[in-house]
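Have a look at the structure below before the remarks.
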Amino acid sequence: MDLNVLVVDDESRMRMLVRDFLVKKGYNVIQAADGEEAIDIFFTRNDISLIILDVMMPKMDGWETCREIRKFSKVPIIMLTAKSEEADELLGFELGVDEYISKPFSPKILVARVDAILRRTNSLAGDDIIKAGKIVVDKQAHIVTIDGSQVELSFKEFELLSYFIANSGIALSREKILNNVWDYDYFGDARTIDTHVKKLRSKMGVCANYIKTIWGMGYKFEVDEENE
């Protein structure tokens with residue numbers, strides 16, 4: 001399944017930078033230099049999986065472009081902006097933006113967020129089977145194999161590992177993990193995350209170091225290049 005990402009930015013250098021990183025990960029990239037062009041492309045093609053949208057653009061800015069698209073579509077949108085003010089970020093989420101990234105940013109982090117969003121929205125092909133380095137997760141059969149051997153995980157350990165893989169490369173706070181794996185109405189202590197991560201790591205063998213600890217915050221799942 002081809003996944004088409006629409007990159008909208010009036011700076012051609014920025015568009016090409018983002019395009020190069022996305023193409024390396026197998027995405028098809030369509031470019032637009034302003035909001036009006038983006039609107040025309042989006043409603044003409046009708047096959048856009050995700051939009052990366054700059055805020056400050058001529059003719060039609062990112063906010064107005066987002067408003068127009070949201071009248072008709074729930075396509076995932078990542079907003080890019082040179083500003084990092086809280087009010088702008090809140091406006092973005094009120095308009096239905098999925099992610100909000102301030103410039104300058106790491107293209108690798110941007111691509112990781114694109115991957116995570118498309119997994120969450122079930123747009124990635126083969127979503128029932130996800131792979132990360134030496135780990136293979138069959139979500140439908142509820143089976144995990146690590147380095148070729150099947151590993152027995154509890155239901156929560158399985159969900160936690162799946163969530164980590166879906167958000168590979170993204171720093172995750174304990175609260176965010178708790179809210180997404182244990183649901184928003186769970187009132188337990190966030191330290192329960194540490195307990196489950198410890199148990200999960202003990203079962204992951206050679207892949208235990210895929211789960212990195214971010215001191216004072218939480219965790220990040222990242223496959224070491226030599227283990228891919």
Side-chain angles (χ1 to χ4, degrees), residues 18 21-22 25 50 52 55 76-94 96-121 124 130-135 137 139 144 146 151 153-228:
V18 173
F21 276 84
L22 288 170
K25 290 298 295 286
L50 181 142
I52 298 174
V55 171
I77 295 176
I78 296 177
M79 296 291 286
L80 304 179
T81 179
K83 298 180 179 179
S84 58
E85 297 175 7
E86 184 179 8
D88 286 332
E89 188 168 347
L90 291 173
L91 174 60
F93 290 128
E94 287 173 7
V97 172
D98 294 84
E99 290 281 357
Y100 185 95
I101 300 178
S102 298
K103 296 179 180 178
F105 57 85
S106 162
K108 289 184 178 180
I109 293 298
L110 175 61
V111 172
R113 293 191 179 186
V114 169
D115 288 342
I117 289 172
L118 289 175
R119 285 193 181 99
R120 289 203 304 266
T121 56
L124 283 178
I130 54 178
K131 300 179 181 179
K134 297 179 180 179
I135 302 174
V137 177
K139 298 177 74 173
V144 174
I146 296 178
V151 178
L153 300 181
S154 69
F155 180 75
K156 273 302 177 221
E157 289 165 356
F158 184 93
E159 286 195 328
L160 182 59
L161 179 59
S162 299
Y163 181 69
F164 273 137
I165 295 175
N167 291 276
S168 181
I170 299 175
L172 302 167
S173 69
R174 288 175 175 82
E175 288 73 18
K176 188 169 185 177
I177 297 170
L178 195 64
N179 288 337
N180 283 275
V181 179
W182 275 262
D183 298 324
Y184 285 92
D185 58 356
Y186 180 80
F187 294 103
D189 192 324
R191 286 177 295 183
T192 190
I193 302 298
D194 299 332
T195 301
H196 280 80
V197 167
K198 184 177 180 180
K199 291 180 180 178
L200 182 57
R201 278 175 172 157
S202 71
K203 297 179 179 181
M204 289 173 63
V206 296
C207 299
N209 62 345
Y210 286 8
I211 302 176
K212 320 289 186 186
T213 298
I214 301 177
W215 298 109
M217 179 191 175
Y219 300 93
K220 179 168 68 172
F221 185 94
E222 202 168 53
V223 177
D224 297 324
E225 292 183 3
E226 64 267 23
N227 289 328
E228 286 186 321

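Side chains are part of it too, since the values below use all heavy atoms of this structure and drop only hydrogens, waters and symmetry mates.
- When all heavy atoms of Val151 and Lys203 are compared, the pair lying nearest together is CG1-O, 3.5 Å.
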Note to self: Apply side chain to side chain contact (heavy atoms under 4.5 Å, CB included) to residues Val97 and Ile78 and explain how you reach the verdict.
What the structure shows: CA-CA 6 Å; Val97 172; Ile78 296 177; 6.0 Å; no

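- Taking NE2 of His196 as the reference point, atom CD1 of Ile177 lies at 12.0 Å (rounded to 0.5 Å).
- Closest approach of Arg201 and Lys212 over heavy atoms only: NH2-C, 3.8 Å.
- Closest non-hydrogen pair, Val181 versus Leu160, comes out as CG1-N, 4.1 Å.
- For the pair Glu99 and Arg113, the salt-bridge criterion is met [side-chain N within less than 4.0 Å of a carboxylate O].
- Using a 30° and 60° split on the angle between ring planes, Phe221 and Phe164 fall in the parallel class, below 30°.
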Note to self: Before you tell me yes or no, could you show the steps for Val197 and Ile211 under side chain to side chain contact (heavy atoms under 4.5 Å, CB included), namely the whole-Å CA-CA distance, both residues' side-chain angles and the distance that decides it to 0.1 Å?
What the structure shows: CA-CA 8 Å; Val197 167; Ile211 302 176; 4.0 Å; yes

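- Tyr210 places no side-chain N or O within 3.5 Å of a backbone atom of Ile165 that could act as its donor or acceptor partner.
- Listed here is the closest heavy atom pair of Leu172 and Tyr163: CD1-CE2, 3.8 Å.
- Judged by distance alone, with hydrogens and angles left aside, the side-chain atoms of Arg174 form no donor-acceptor pair with the main-chain N or O of Ile193 at under 3.5 Å.
- Atoms OG and NZ, from Ser168 and Lys220 in turn, are 9.0 Å apart once rounded to the nearest 0.5 Å.
- Remark: the Tyr219 side chain and the Asp194 side chain contain an N/O donor-acceptor pair separated by less than 3.5 Å.
- Between Val18 and Phe105, the closest side-chain pair of non-hydrogen atoms falls below 4.5 Å.
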Next item on the list: Check the pair Ile135 / Lys131 against side chain to side chain contact (heavy atoms under 4.5 Å, CB included), numbers first and verdict last.
Entry: CA-CA 6 Å; Ile135 302 174; Lys131 300 179 181 179; over 6 Å; no

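- Closest approach of Ala116 to Ile170, counting heavy atoms only: CB-CD1, 3.8 Å.
- Nearest heavy-atom pair, Leu50 versus Ile52, reported as atom, atom and distance to 0.1 Å: CD2-CG1, 3.7 Å.
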Checklist line | Trace of the side chain to side chain contact (heavy atoms under 4.5 Å, CB included) decision for Leu80 with Lys103 | finding: CA-CA 7 Å; Leu80 304 179; Lys103 296 179 180 178; 4.1 Å; yes

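- Taken from CD in Glu157 to OG in Ser154, the straight-line distance is 3.0 Å, to the nearest 0.5 Å.
- By the 4.5 Å heavy-atom criterion applied to side chains, Phe21 and Leu110 are not counted as neighbours.
- In this structure a side-chain-to-backbone donor-acceptor pair under 3.5 Å is missing from Glu159 to Lys156.
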